[in-house]
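Quick caveat, the model's predicted, so the values are computed rather than measured. Letters go in sequence order (proteins before strands), and every chain restarts at 1.
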2 protein chains.
Amino acid sequence: MDTTLSIAKRLEALGNPTRLSIYRALVRAGDGGLTVGALQERIRIPASTLSHHLRALVGVALVTQERQGTTLICRANYPVMNGLVVSAVSIPPSSP
Amino acid sequence: MDTTLSIAKRLEALGNPTRLSIYRALVRAGDGGLTVGALQERIRIPASTLSHHLRALVGVALVTQERQGTTLICRANYPVMNGLVVSAVSIPPSSP
DNA sequence: ACGGTATTTCCAGAAATATCGAATGATTGG
DNA sequence: CCAATCATTCGATATTTCTGGAAATACCGT
């Protein structure tokens with residue numbers, strides 16, 4: 001019903017260069033994913049900033065997280081991205 | 001070279017609910033496109049606000065404009081959107 | 001040139017985002 | 001329990017984005 005909104009939220013999440021870099025790093029990492037620490041080494045931004053961006057990506061389900069002891073593993077959520085792509089490309093029926 | 005950036009810019013442009021509505025209205029309109037005025041009737045926002053959003057979409061080439069007398073016809077730029085989708089889905093090689 | 005319609009630019013205020021150091025919380029191994 | 005490591009939250013600032021009324025501009029027909 002609010003398709004447009006959830007699509008926009010995901011696009012907005014990916015629309016920040018830093019967050020897009022994070023997402024792409026996770027795509028590159030594949031199914032193994034990356035810990036927040038590993039991500040920090042690659043992206044090279046302060047931990048707090050990274051944490052905020054990760055929260056945004058997780059909030060729209062583009063990224064999932066799994067605890068493993070003291071570390072957190074982050075993974076790109078492919079099905080959600082595929083759905084987003086389909087939604088973005090397909091011709092919308094009408095409304096908003 | 002700045003792939004990530006230009007992708008991010010386009011995603012950001014579509015990441016605003018109002019702009020996404022505008023873009024979708026243009027997709028619905030098809031090859032005929034819509035004048036700015038027609039767009040305003042559908043989206044129902046002040047002309048100046050609409051103009052700002054259109055400028056953003058045109059600025060990243062997701063929308064094209066063609067003058068026709070006193071009116072401006074806006075059209076969704078499909079090739080750019082297709083390119084964006086491909087970029088977003090394909091696994092990036094490395095770097096930022 | 002004038003009047004009218006279509007659209008953009010100017011301006012400004014409100015709201016949202018991005019950033020990051022410092023403090024805090026969580027979890028495990030010893 | 002303590003120390004250590006990994007990560008998040010707090011607090012504060014700087015920057016950007018969004019919004020829309022008013023004024024300006026563009027283009028046509030007469």
Side-chain angles (χ1 to χ4, degrees), chain A residues 4-26 29 32-76 96, chain B residues 4-26 29 32-76 96:
Chain A
T4 306
L5 223 174
S6 65
I7 294 173
K9 281 189 173 176
R10 287 187 176 125
L11 291 172
E12 183 191 10
L14 290 173
N16 176 284
T18 303
R19 279 195 300 267
L20 184 56
S21 293
I22 293 171
Y23 184 82
R24 298 188 115 197
L26 293 177
L34 290 174
T35 65
V36 175
L39 218 31
Q40 192 186 350
E41 282 177 2
R42 281 162 183 68
I43 311 292
R44 299 236 164 240
I45 54 176
S48 61
T49 304
L50 174 58
S51 189
H52 287 309
H53 285 309
L54 276 174
R55 164 194 281 269
L57 289 168
V58 170
V60 297
L62 278 164
V63 167
T64 62
Q65 292 182 320
E66 180 197 349
R67 261 233 116 78
Q68 206 139 104
T70 175
T71 69
L72 248 191
I73 299 184
C74 307
R75 292 190 182 86
Chain B
T4 306
L5 224 173
S6 66
I7 294 172
K9 281 189 174 176
R10 288 187 176 126
L11 292 172
E12 182 190 10
L14 290 173
N16 176 285
T18 302
R19 279 194 301 267
L20 184 57
S21 293
I22 293 170
Y23 183 81
R24 298 188 115 198
L26 293 177
L34 290 174
T35 66
V36 175
L39 219 30
Q40 191 186 350
E41 283 177 1
R42 281 161 183 69
I43 311 291
R44 301 232 162 243
I45 54 176
S48 62
T49 304
L50 173 58
S51 188
H52 289 311
H53 284 309
L54 276 174
R55 164 196 281 268
L57 289 168
V58 170
V60 297
L62 278 165
V63 166
T64 62
Q65 292 182 322
E66 180 197 351
R67 262 233 115 78
Q68 204 137 106
T70 173
T71 67
L72 247 192
I73 300 184
C74 308
R75 293 189 181 87

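Regarding A:Glu41, its CD atom lies at a distance of 14 Å from the C1' atom of D:dA7, rounded to whole Å. Across the protein-nucleic acid pair, B:Gln65 atom CD and D:dA26 atom C1' stand 14 Å apart, rounded to whole Å. A:Leu34 has its CG atom 15 Å from the C1' atom of D:dA7, to the nearest Å. For B:Ile45 and D:dG20, the CD1 to C1' distance is 10 Å, given to the nearest whole Å. Across the protein-nucleic acid pair, A:Ile73 atom CD1 and D:dA7 atom C1' stand 14 Å apart, rounded to whole Å. Across the protein-nucleic acid pair, B:Arg67 atom CZ and D:dT25 atom P stand 15 Å apart, rounded to whole Å. The nearest whole Å value for the distance from the CD1 atom in B:Ile43 to the P atom in D:dT19 is 12 Å. Atom CZ of B:Arg44 is separated from atom C1' of D:dT19 by 18 Å (rounded to the nearest Å).
Heavy-atom distances under 4.0 Å link DNA chain D to A:Ala47, A:Ser48, A:Ser51, A:His52, A:Arg55 of residues 46-56 of chain A, given in residue order.
Not one N or O on the side chain of A:Arg19 forms a donor-acceptor pair closer than 3.5 Å with the backbone of A:Gly15. In this structure, the side chain of B:Ser21 engages the main chain of B:Pro17 through a donor-acceptor pair within 3.5 Å.
Residue B:Gln68 is out of contact with every strand shown, counting any heavy-atom pair closer than 4.0 Å.
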Side chain to side chain contact (heavy atoms under 4.5 Å, CB included) between B:Leu57 and B:Leu14, worked out: CA-CA 8 Å; B:Leu57 289 168; B:Leu14 290 173; 4.3 Å; yes
Verdict with reasoning, B:Leu26 to B:Leu39, per side chain to side chain contact (heavy atoms under 4.5 Å, CB included): CA-CA 8 Å; B:Leu26 293 177; B:Leu39 219 30; 3.9 Å; yes
Criterion side chain to side chain contact (heavy atoms under 4.5 Å, CB included) on A:Leu54 and A:Gln65, from CA distance to verdict: CA-CA 9 Å; A:Leu54 276 174; A:Gln65 292 182 320; 4.2 Å; yes
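For A:Arg67, the CZ atom counts as densely surrounded, since its 6.0 Å shell holds more than 12 non-hydrogen atoms of other residues, nucleotides or ligands.
With contacts defined as side-chain heavy-atom distances shorter than 4.5 Å, the pair A:Val36/A:Gln40 does not qualify.
Taking both residues in full, the closest heavy atoms of B:Arg10 and B:Ala61 are given as NH2-CB, 4.0 Å, listed atom of the first, atom of the second, then distance. Closest of all the heavy-atom pairs between B:His53 and B:Ile45 is CD2-CD1, 4.4 Å.
Nucleotides of DNA chain C lying under 4.0 Å from heavy atoms of chain B occupy a range whose first and last members, 5' to 3', are C:dT5 to C:dC10.
Where A:Arg19 and A:Gly69 each meet DNA chain C at their nearest nucleotide, the meeting point lying more 5' is that of A:Arg19.
Note on B:Asn16: a side-chain N or O is less than 4.0 Å away from OP1 or OP2 of D:dC18.
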